[in-house]
2 protein chains.
Amino acid sequence: MATLLYTILTRMAGGAIEVMGHVLPTAFGLLGEATLSERSSRSEVVYRLLRQAILEQALKPGTKLSEDTIADHFKVSRTSVRGALVRLNAEGIVDLRANKGACVAEPTLEEARDIFSLRRMLEAEVIRRLVADLGTTGFKRLEQHVREEQAALSDHGPLSIRLAGEFHILLAELTGSQALTRFVREVVSRCSLILARFARLHSPECAVDEHIQIIRALRSKDIAAAEKIMLEHLDAVELRAELNPDKAEPDISEILKRYAGES
Amino acid sequence: MATLLYTILTRMAGGAIEVMGHVLPTAFGLLGEATLSERSSRSEVVYRLLRQAILEQALKPGTKLSEDTIADHFKVSRTSVRGALVRLNAEGIVDLRANKGACVAEPTLEEARDIFSLRRMLEAEVIRRLVADLGTTGFKRLEQHVREEQAALSDHGPLSIRLAGEFHILLAELTGSQALTRFVREVVSRCSLILARFARLHSPECAVDEHIQIIRALRSKDIAAAEKIMLEHLDAVELRAELNPDKAEPDISEILKRYAGES
DNA sequence: GCGCCATCAATTGCATACGATAGTCGGATA
DNA sequence: TATCCGACTATCGTATGCAATTGATGGCGC
């Protein structure tokens, strides 16, 4: 497991890494002046890289995140790594068990449905607000994003997975509500974990088409229609996750609970 | 300023039990996940104490949170304090500016309205879910909580402020949705900050009465009525905050922006 | 052969130390 | 006298070292 983590981190540090439009330096560059002048603390950089690795499903749910391993590969001290892990834990995408280390969170089926339910509510609100007052610059940004998604289709990999999620975050940002954006960002992150854990495969093509439909619905200024499209899209995403109890990988603790008489 | 922080922290540690050679407050209530585990790392303890101090409005928005000062008073190292501050920052109740230290977040008027808007949406959902399936044990817990609120009325202080907020968190918990609880917890926390910053005075009596009405509405199983009561309650809370731009304390940077031609 | 207990290695939690950064105060100069 | 500049101090960001806890391995008794 540690070997896998090692491999992934090495690969991530291998080339230039782009996060939210900003290019992050590689692991070797982390110690350079460029990073510090960009006002990115080491802790911040580690946070972003780990988050990216998790959201791109390079680090899968359950993967152990050893402080030493991460620190070694990013050429920073464990202190910086710990800071990043605490933040990720606060966002719910990393589990932090006392004295036993951190690992990528493993949402249960129950949590998965819970998250999707909340996500529908939040994003329906996003749509309602955007129909009310999304300007031309907003549409331009959305279309630009979709173009990026399409360009990433050939990639069939991490990039398109991330962009699919970031489309929804961008929608939330365009409402101008920081709090709403924050919550949407969190449910989208969790959904990435859920998909990584339960979904058979990621099919970005559908998502991009559906995103285009959402933009079109927003243009039409028809709240009901737009909301409907968004909810259908989210249903489609959830369907891809195959959240059927019988099909899904069983959660051991849930099963043993029954045998332990904990009801 | 440091003296004030010192005084507050000392007072908080006053009526407390001692654990691990360090002071813990007696009643955590819903603050943090205290009930889940007996494990109390130093960082965890600092986190809970600071959070409590902020939510009880002992530490007011804008108060500088010097790492050294906090570390000295809780008899821990700055490392533990930093961990706590990072968590609080992730929850949005502490601002963390690079190389300039932490301070209690100061929500702007705009953010305040934003938060209240989102809070209405989230808590309306809570009510809808509770009307659907709130059992007798749930009602018992709610009534018990209201009794505590009433008992704390004479206090006229921090306790009643905290309990008023925790009533809403308890409602969210009773839905059984972890994610919903998490978000409600966050908006309620932010609202405490908002009230601390803008409200003239806290009047717990009204709140308790309104909480009783909410419970009654839940009993009636009338979704529309229950939702209406809740929204009215939140309106009342917001009204108490007096979020009128003209009355509110001006935000200096906002004002200076205009004069600096940043428009 | 099987299960229990002690010792050990690995990893985390915490504290301290050091270098870096931002704000402050005093002096020099126009 | 007012302004600007430089040193200083306080505080933060990071690294490193040590203590504490956990999980594992081997030995012992049954």
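Labels below follow one simple rule: chain letters A, B, ... track the order of the sequence lines, proteins then strands, and each chain is numbered from 1. Bear in mind the structure is a predicted one, so any value in this text is a computation, not a measurement.
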Open item on the list: Rounded to whole Å, please give me the gap between CD1 in A/Ile70 and P in C/dT11.
Closed with: 12 Å
- [ ] Answer yes or no: are there more than 12 heavy-atom neighbours, outside A/Gln178 itself, under 6.0 Å from its atom CD?
- [x] no
- [ ] Test side chain to side chain donor-acceptor pair (under 3.5 Å) on A/Tyr47 and A/Gln52 and set out the steps.
- [x] CA-CA 8 Å; A/Tyr47 162 78; A/Gln52 182 180 349; over 6 Å; no
TODO: Please work out if A/Thr79 contacts a base, only the sugar-phosphate, or nothing of the nucleic acid, heavy-atom cut-off 4.0 Å.
DONE: base
Open item on the list: Let's see if you can work this out: which of D/dG13, C/dC14, D/dT11 has an atom nearest to the side-chain heavy atoms of B/Ser43?
Closed with: C/dC14
- [ ] Can you tell me the distance, in whole Å, between the CZ atom of B/Phe74 and the P atom of C/dA15?
- [x] 13 Å
- [ ] Check the distance between D/dT11's C1' and B/Arg82's CZ and give it to me in whole angstrom.
- [x] 11 Å
Task: Between P of D/dA15 and CG of A/Asp72, the distance in whole Å - done: 12 Å
- [ ] To the nearest Å, give me how far apart CG (A/Asp68) and P (D/dA15) are.
- [x] 13 Å
Task: Residues which pass side chain to side chain donor-acceptor pair (under 3.5 Å) with B/Asp114, listed by chain and number, not counting sequence neighbours - done: A/Ser177
- [ ] State plainly whether the residues A/Glu186 and A/Arg182 are in salt-bridge range, i.e. N to O under 4.0 Å.
- [x] no
Task: N/O (side chain, A/Ser80) to phosphate O (OP1/OP2, D/dA15) under 4.0 Å - done: yes
What does the list of N/O pairs under 3.5 Å between the protein and nucleotides 17-24 of chain D look like, with a distance for each?
none

Open item on the list: In whole Å, I'd like the distance from the CD atom of B/Glu67 to the C1' atom of C/dA20.
Closed with: 14 Å
Task: Whole-Å distance separating the CG atom of B/Leu85 from the C1' atom of D/dT11 - done: 13 Å
Open item on the list: Closer than 4.0 angstrom, basic N to acidic O: yes or no for A/Arg113 and A/Glu238?
Closed with: no
- [ ] Run the salt-bridge test on B/Arg87 and B/Glu91 with the 4.0 Å N-O cut-off and return the result as yes or no.
- [x] no
Open item on the list: Measure CZ/A/Arg97 against P/C/dG13 and give the value in whole Å, please.
Closed with: 11 Å
Quiz: residues 188-196 of chain A side-chain donor-acceptor pairs under 3.5 angstrom, not counting sequence neighbours:
{"residue": "A/Ser189", "atom": "OG", "partner": "A/Arg51", "partner atom": "NH2", "Å": "2.9"}
{"residue": "A/Ser189", "atom": "OG", "partner": "A/Arg185", "partner atom": "O", "Å": "2.8"}
{"residue": "A/Ser192", "atom": "OG", "partner": "A/Val188", "partner atom": "O", "Å": "3.4"}

